[in-house]
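Just below is one structure, and these are the notes that go with it.
Every chain is numbered from 1 and lettered A, B, ... according to where its sequence line falls, protein lines coming before strand lines. Quantities reported herein were computed from a predicted structural model and do not represent experimental measurements.
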There are 2 protein chains.
Amino acid sequence: MAMRLSTKSRYGVRALFDIAYHSVGLPTQIKDISRRQQISPRYLEQIFQKLKKAGLLGSKRGPSGGYFLLREPSEITLGDIIRATEGPFELVFCVSENPRKICPRKDDCVASEMWTDISRKLGDFFDSISIAQLCEQAREVGVEREYNHPYTYHI
Amino acid sequence: MAMRLSTKSRYGVRALFDIAYHSVGLPTQIKDISRRQQISPRYLEQIFQKLKKAGLLGSKRGPSGGYFLLREPSEITLGDIIRATEGPFELVFCVSENPRKICPRKDDCVASEMWTDISRKLGDFFDSISIAQLCEQAREVGVEREYNHPYTYHI
DNA sequence: CCAGCTCCCGACCCTTCGACTCAGGACCCC
DNA sequence: GGGGTCCTGAGTCGAAGGGTCGGGAGCTGG
């Protein structure tokens with residue numbers, strides 16, 4: 001049960017992957033992503049607002065509106081997504097920006113230096129993995145692709 | 001606020017470091033560690049039970065009892081400690097041992113494979129850092145050392 | 001041989017946080 | 001201008017984190 005990632009991060013990754021994989025450039029709507037990825041649409045909305053603020057997503061309202069990536073999939077990393085949904089990588093509070101949480105022993109604590117060091121490495125690691133890589137993998141495995149058609153068919 | 005480590009892990013690391021650094025082989029008592037590291041003794045007790053079960057610590061009761069390392073500091077890694085206090089490294093529930101938590105989409109989810117992969121790498125990374133390295137660093141920085149004397153001086 | 005020291009065990013408590021849900025407003029397009 | 005879509009902020013519920021406590025078990029020095 002150690003160091004779990006929040007669902008916001010996981011869903012965020014899956015959602016961005018979904019857009020990159022299924023979209024042909026048109027805005028993708030929450031209800032479609034929600035259906036394909038089995039994520040509550042209300043919750044997705046909330047997550048997407050964070051991703052927007054982080055500059056990863058753009059949006060358009062009204063009929064045939066939706067969300068779209070603001071960068072190439074190869075330029076969006078897991079690190080970006082996790083930082084957007086959960087904040088900066090800090091394994092430990094000791095040296096956080098939050099003044100309430102700073103450890104009073106910080107200065108003579110060898111551990112604190114180590115933790116910040118590790119946190120940085122962790123961030124670098126996540127920054128080395130892009131959404132494009134996930135798409136690549138999905139393609140190899142043969143995940144079915146669902147294209148967003150510009151026209152809607154009424155049955 | 002991403003992926004925070006629990007205090008159990010952090011305190012566990014500091015406590016084991018404390019024993020390795022200050023002890024001359026004699027059992028170290030909770031009250032001393034608690035004083036030097038500023039950790040609630042009651043809470044430390046709880047953590048030490050986990051470290052014992054994991055085979056990292058041994059103990060002796062009664063007067064002049066205490067806890068001692070069961071391995072060389074160079075053979076105790078951060079990974080060992082974190083696993084002992086928080087369980088296995090799993091960034092994500094999808095593929096955990098806990099059957100209740102397995103993600104139903106596991107099989108066709110490219111992400112799940114990625115998460116387990118990253119979890120493994122994370123564990124490997126923490127296993128590459130030992131308590132001995134922390135001691136080394138403390139020595140360099142010149143952290144004061146307090147020896148446990150076999151005899152008590154009454155003032 | 002026993003008093004007191006230390007570890008041992010399990011239950012308990014309180015606060016915070018994660019994971020959603022919801023009501024209603026703002027835009028947009030046809 | 002009406003229905004579809006995104007936007008905003010508040011509210012809820014349960015779980016988990018972080019810590020406390022009472023009392024028992026084993027040891028040992030006097």
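Checked against D:dT5, C:dC20, D:dG19, the side chain of A:R61 finds its nearest nucleotide in D:dT5. Of the candidate nucleotides C:dC8, C:dC20, C:dT21, C:dC20 has the atom nearest to the side chain of A:Y11. Here D:dG26 is the nucleotide among D:dG26, D:dG19, C:dT21 with the atom lying nearest to any side-chain atom of B:P63. For B:K31, counting side-chain heavy atoms from C-beta on, the closest listed nucleotide (C:dT6, D:dT5, C:dC29) is C:dT6.
Counting only N and O atoms by type, the side chains of A:Y43 and A:S34 include no donor and acceptor under 3.5 Å apart.
The phosphate of D:dT28 (OP1 or OP2) has a side-chain N or O of B:K60 nearer than 4.0 angstrom. Contact annotation: B:Y43 does not reach the phosphate of D:dC21 (side-chain N/O to OP1 or OP2, under 4.0 Å). Applying the 4.0 Å criterion to OP1 and OP2 of D:dG17, one finds that B:S6 has every side-chain N and O outside that range. OP1 or OP2 of D:dT28 has not a single side-chain nitrogen or oxygen of B:S64 nearer than 4.0 Å. For B:T7, no side-chain nitrogen or oxygen approaches OP1 or OP2 of D:dG17 to under 4.0 Å. Contact between the side-chain N/O atoms of B:S59 and the OP1/OP2 oxygens of C:dT6 is not found at any separation under 4.0 Å.
Rounding to whole angstrom units, CD of residue B:E45 and P of D:dG18 are separated by 18 Å. The CG-P distance, from A:L5 to C:dC17, rounds to 17 Å in whole Å. Rounded to whole angstrom, the span from the OH atom of A:Y67 across to the P atom of C:dC27 amounts to 15 Å. With rounding to whole Å, B:I39 atom CD1 is found 13 Å from D:dG18 atom P. Rounded to whole angstrom, the span from the CG atom of A:D32 across to the P atom of D:dC6 amounts to 9 Å. Residue B:L26 contributes atom CG, which lies 14 Å from atom P of C:dT6 at whole-angstrom precision. Distance CZ (A:R42) to P (D:dT5): 14 Å, rounded to an integer number of Å. Atom pair B:I30:CD1 and D:dG19:C1' shows a separation of 14 Å (rounding to whole Å applied).
Using a 4.0 Å cut-off between a side-chain N of Lys or Arg and a carboxylate O of Asp or Glu, A:R4 and B:E90 qualify as a salt bridge. A salt bridge is absent between B:D124 and B:K121; no separation between the charged side-chain nitrogens and carboxylate oxygens falls under 4.0 Å.
Cation-pi geometry between A:R83 and A:F89 is not satisfied (NZ or CZ under 6.0 Å from the ring centre, within 45° of the ring normal).
Contacts of residues 46-58 of chain A with DNA chain C (heavy atom under 4.0 Å): A:Q46.
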Hey, mind stepping through A:T28 and A:R36 against side-chain contact (heavy atoms from CB on, under 4.5 Å) and telling me if it holds?
-> CA-CA 12 Å; A:T28 311; A:R36 284 191 293 252; 3.6 Å; yes

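The one candidate from A:I30, A:L56, A:L44 that meets the side chain to side chain contact (heavy atoms under 4.5 Å, CB included) condition with A:Y67 is A:I30. The residue from B:I81, B:I33, B:I76, B:L134 that alone fulfils the side chain to side chain contact (heavy atoms under 4.5 Å, CB included) condition with B:F17 is B:L134.
Side chain A:R4 to base D:dA16: no donor-acceptor pair is found below 3.5 Å.
Residue pairs meeting the side chain to side chain donor-acceptor pair (under 3.5 Å) criterion with at least one member in residues 53-62 of chain A, sequence neighbours excluded, are A:K52-A:S59.
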